[in-house]
Amino acid sequence: MEVQLKADCARVVSQYRTHLRQTEFRKALKALRELWSLGNRYLDSRAPWAQLLELDGDFDGHLFELPELLFRRVERADVEAYRRRFGGEHQA
């Protein structure tokens with residue numbers, strides 16, 4: 001399946017580049033749409049998300065852990081606390 005995908009993508013990319021060189025932009029866009037359709041069909045047929053669900057969190061013997069959040073929502077009460085803590089002296 002991957003060999004066929006590679007050949008199809010190479011053909012479509014060649015068409016796309018030819019159309020761009022010849023300033024045939026509508027034809028180039030059509031080729032570009034075909035390229036992402038090839039990718040979408042491939043992903044749909046392989047369905048990697050289904051394989052991940054079957055593994056139930058175990059990836060090659062390693063547990064998958066979500067990282068801690070890098071950011072959190074700043075609430076109004078937090079803003080006031082931050083102003084008091086880091087606001088410094090205000091000059092009028």
Side-chain angles (χ1 to χ4, degrees):
M1 181 179 284
E2 285 79 11
V3 172
Q4 183 62 49
L5 176 66
K6 183 178 179 179
D8 290 343
C9 287
R11 174 185 51 81
V12 173
V13 167
S14 176
Q15 292 173 353
Y16 174 71
R17 293 177 77 187
T18 298
H19 294 315
L20 283 179
R21 278 194 293 273
Q22 295 172 353
T23 63
E24 297 173 321
F25 298 117
R26 288 179 194 239
K27 290 180 182 178
L29 285 174
K30 184 178 177 186
L32 188 59
R33 279 192 302 264
E34 184 179 351
L35 185 62
W36 80 60
S37 292
L38 287 169
N40 285 341
R41 282 194 299 272
Y42 173 76
L43 285 175
D44 285 342
S45 69
R46 286 295 194 200
W49 49 87
Q51 294 172 1
L52 292 177
L53 291 176
E54 290 172 8
L55 293 174
D56 194 28
D58 187 20
F59 297 89
D60 295 330
H62 300 286
L63 290 179
F64 180 76
E65 297 178 18
L66 290 176
E68 292 184 35
L69 293 177
L70 295 177
F71 303 97
R72 68 176 180 85
R73 182 182 176 137
V74 178
E75 302 293 339
R76 287 184 190 265
D78 296 330
V79 171
E80 288 306 315
Y82 291 142
R83 278 195 185 128
R84 285 190 305 274
R85 184 172 175 190
F86 302 112
E89 298 288 326
H90 293 298
Q91 295 179 358

Kindly list each side-chain donor-acceptor pair under 3.5 angstrom involving residues 16-32, sequence neighbours excluded, with atom names and distances?
from, atom 1, to, atom 2, distance (Å)
Thr18, OG1, Ser14, O, 2.9
His19, ND1, Glu24, OE1, 3.0

**Request:** Please report the C-alpha distance between Arg41 and Glu34 in whole Å, then the side-chain angles of each, then the deciding distance to 0.1 Å, and finally whether the salt bridge (Lys or Arg N to Asp or Glu O under 4.0 Å) criterion is met.
**Result:** CA-CA 10 Å; Arg41 282 194 299 272; Glu34 184 179 351; 5.8 Å; no
**Message:** Which heavy atom of Leu38 sits nearest to which heavy atom of Cys9, and what is that distance?
**Reply:** CD1-N, 4.0 Å
**Complete:** side-chain hydrogen bond (donor to acceptor under 3.5 Å, both in side chains) filter on Gln15, not counting sequence neighbours, yields none
**Asked** Looking at Arg72 and Asp78, does any basic side-chain N land under 4.0 Å from a carboxylate oxygen?
**Response** yes
**Item:** With sequence neighbours excluded, residues passing side-chain hydrogen bond (donor to acceptor under 3.5 Å, both in side chains) with Glu2
**Value:** Tyr42, Arg46
**Item:** Met1 with Leu35, same ILVMFWY side-chain cluster at under 4.5 Å
**Value:** yes
**Request:** Answer with yes or no whether the hydrophobic clustering places Val74 together with Phe86; edges join I, L, V, M, F, W, Y residues whose side-chain heavy atoms lie under 4.5 Å apart.
**Result:** yes
**Message:** Using 0.5 Å steps for rounding, measure from the CG atom of Asp8 to the OG atom of Ser37.
**Reply:** 12.0 Å
